[in-house]
Colleague: 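Attaching a single structure in structure tokens format; questions to follow.
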Amino acid sequence: MHKTELTDLLRFLNASPSCYHAAANIASALEKAGFTRLWESRPWDVAPGEGYYVLRGDASLIAFRVPRDIVSGFRIAAAHSDSPTFKIRESGEVPSAGNCLRLSVEPYGGMIQRSWMDRPLSVAGRVMVRAEGRIVSRLVDVDQDLLVMPSVAIHMDREVNKGTALKANVDLLPLFAEGREPGEFRRLIARTAGVAEGDLLATDLYLYPRAPAVLTGLNREFLAGPRLDDLLCAFGCLQGFLAAEESGSLPVLAVFHNEEVGSGTRQGADSTFLTDVLERFCDRLGYLGESCRIAAAESFLVSADNAHAVHPAHPEYADGQEAPVLNGGIVVKYSAAQRYTTDALSDALFREICGDARVPVQRYSNRADLPGGATLGNISAAHLSVHSIDIGLPQLAMHAAYEVAGARDYQYLVRAMTAYYSRRIRFGPMGVEL
Ligand code: ZN
């Protein structure tokens with residue numbers, strides 16, 4: 001059972017080289033489980049006992065299941081589908097010194113730049129093509145060792161091990177081909193998309209490292225791979241969502257694009273996507289006015305985005321008391337300034353659920369003098385103000401091209417999310433009933 005869980009996870013990670021592929025793979029897992037796709041531009045028909053999902057911008061997805069008997073609000077989990085990478089510009093190849101063509105790229109999100117150097121890279125994403133008189137979106141994965149960003153040799157840069165700064169417009173354009181004549185990249189993408197070059201209209205293409213996600217360590221206790229932040233949480237929440245028993249509340253899974261660039265896009269967590277879907281759904285079920293407000297007051301959001309484990313070489317960056325370890329369990333994140341949404345009530349409730357499911361929980365606070373990163377929780381809370389908690393899985397090398405996490409932690413997440421979605425929770429005047 002446990003082994004299968006990790007095999008499924010590795011398969012998902014390695015089949016999701018871009019956020020578009022991640023969303024498509026989540027959608028196909030939902031389809032396999034009997035969920036039906038709804039389109040925002042078409043009327044919805046929803047029936048008790050059935051599951052549905054909606055995509056926006058091809059990389060954000062919201063799934064929900066309509067219970068037969070609704071007694072309380074929404075049980076939401078949110079994660080993100082994107083990871084720091086490089087976006088390929090439409091201008092394609094840049095003729096460079098040494099009879100080389102490099103690709104014109106631009107950083108997407110805050111990556112550890114040097115981790116992208118000197119390793120095979122490829123290209124994946126979505127393209128818009130003209131097909132039968134329409135503009136159609138198609139997934140593209142070149143799926144071959146295609147590119148590399150070569151370092152300057154140590155003989156020419158003796159300071160390199162002292163931390164030479166890299167320039168995005170100089171050092172980080174990947175080597176694509178020999179020659180001087182641009183145009184071949186566009187032909188390659190058209191061929192991969194299965195269209196004539198003239199029918200390739202526009203692209204959202206990104207680089208990805210070719211090294212696959214693997215289990216590593218003496219006893220295979222670690223997970224290493226690209227995009228662990230936040231595909232681990234996206235896939236773990238999906239597994240819990242699919243495995244859960246009906247609880248009388250409305251289970252919702254939200255996976256957002258654009259977290260790494262601030263979420264302020266049409267399909268990001270700072271958009272109306274979640275509220276649009278939930279309001280529309282309330283409307284279809286006849287939840288209007290006060291009953292809609294009551295549903296919101298009885299709702300709970302788990303914002304699941306990876307957290308920092310204490311680094312074996314640099315424990316000094318972690319807080320002295322609240323420093324999670326790999327394979328120590330799910331991390332609950334706290335911030336006095338509420339950069340994380342956890343408060344006493346959401347903390348108490350979620351840790352009760354984890355305790356009953358025998359899932360260990362660890363505390364994380366940023367070292368009090370370091371600001372740390374923001375995440376999905378308070379961005380979503382600004383649009384949908386419900387009880388919420390920020391959690392994640394402990395990991396190392398966050399935002400490197402290749403990251404490390406704990407294999408057991410992923411299994412804890414699946415167990416915790418299954419329990420969370422299955423649990424009947426009532427928010428009443430006398431307190432929270434579990
Ligand atoms: Zn993240």
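First listed ligand is number 1; within each ligand, the first listed atom is number 1.
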Colleague: Please determine if Arg37 forms a cation-pi arrangement with Trp39, meaning its NZ or CZ atom is less than 6.0 Å from the six-membered ring centre and no more than 45° off the ring axis.
Modeller: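 Yes; both conditions hold, so Arg37 lies above the ring face of Trp39.
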Colleague: For Asn25, which residues count as a side chain to side chain donor-acceptor pair (under 3.5 Å) partner, sequence neighbours excluded?
Modeller: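 Checked Asn25 against side chain to side chain donor-acceptor pair (under 3.5 Å); matches are Ser16.
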Colleague: Please state whether the separation between the Zn ion (ligand 1) and some N/O/S atom of Glu259 is under 2.8 Å?
Modeller: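 For Glu259, the answer is no, given that no N, O or S atom comes within less than 2.8 Å of the Zn ion (ligand 1).
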Colleague: How large, to 10°, is the angle at the Zn ion (ligand 1) when you draw lines to NE2 on His80 and to OD2 on Asp305?
Modeller: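 My answer is 90°, to the nearest 10°.
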Colleague: Side-chain donor-acceptor contacts of residues 160-174 below 3.5 Å, not counting sequence neighbours, with atom names and distances?
Modeller:
{"residue": "Thr164", "atom": "OG1", "partner": "Asp157", "partner atom": "OD2", "Å": "3.2"}
{"residue": "Thr164", "atom": "OG1", "partner": "Glu159", "partner atom": "O", "Å": "3.4"}
{"residue": "Asp171", "atom": "OD2", "partner": "Lys167", "partner atom": "N", "Å": "2.8"}

Colleague: Can you tell whether the side chains of Arg11 and Asp8 come within less than 4.0 Å, N to carboxylate O?
Modeller: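 The answer is yes: the pair qualifies as a salt bridge.
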Colleague: I'd like to know: is the Zn ion (ligand 1) within the 2.8 Å range of an N/O/S atom from Asp229, strictly under that distance?
Modeller: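 A backbone or side-chain N, O or S atom of Asp229 is under 2.8 Å from the Zn ion (ligand 1).
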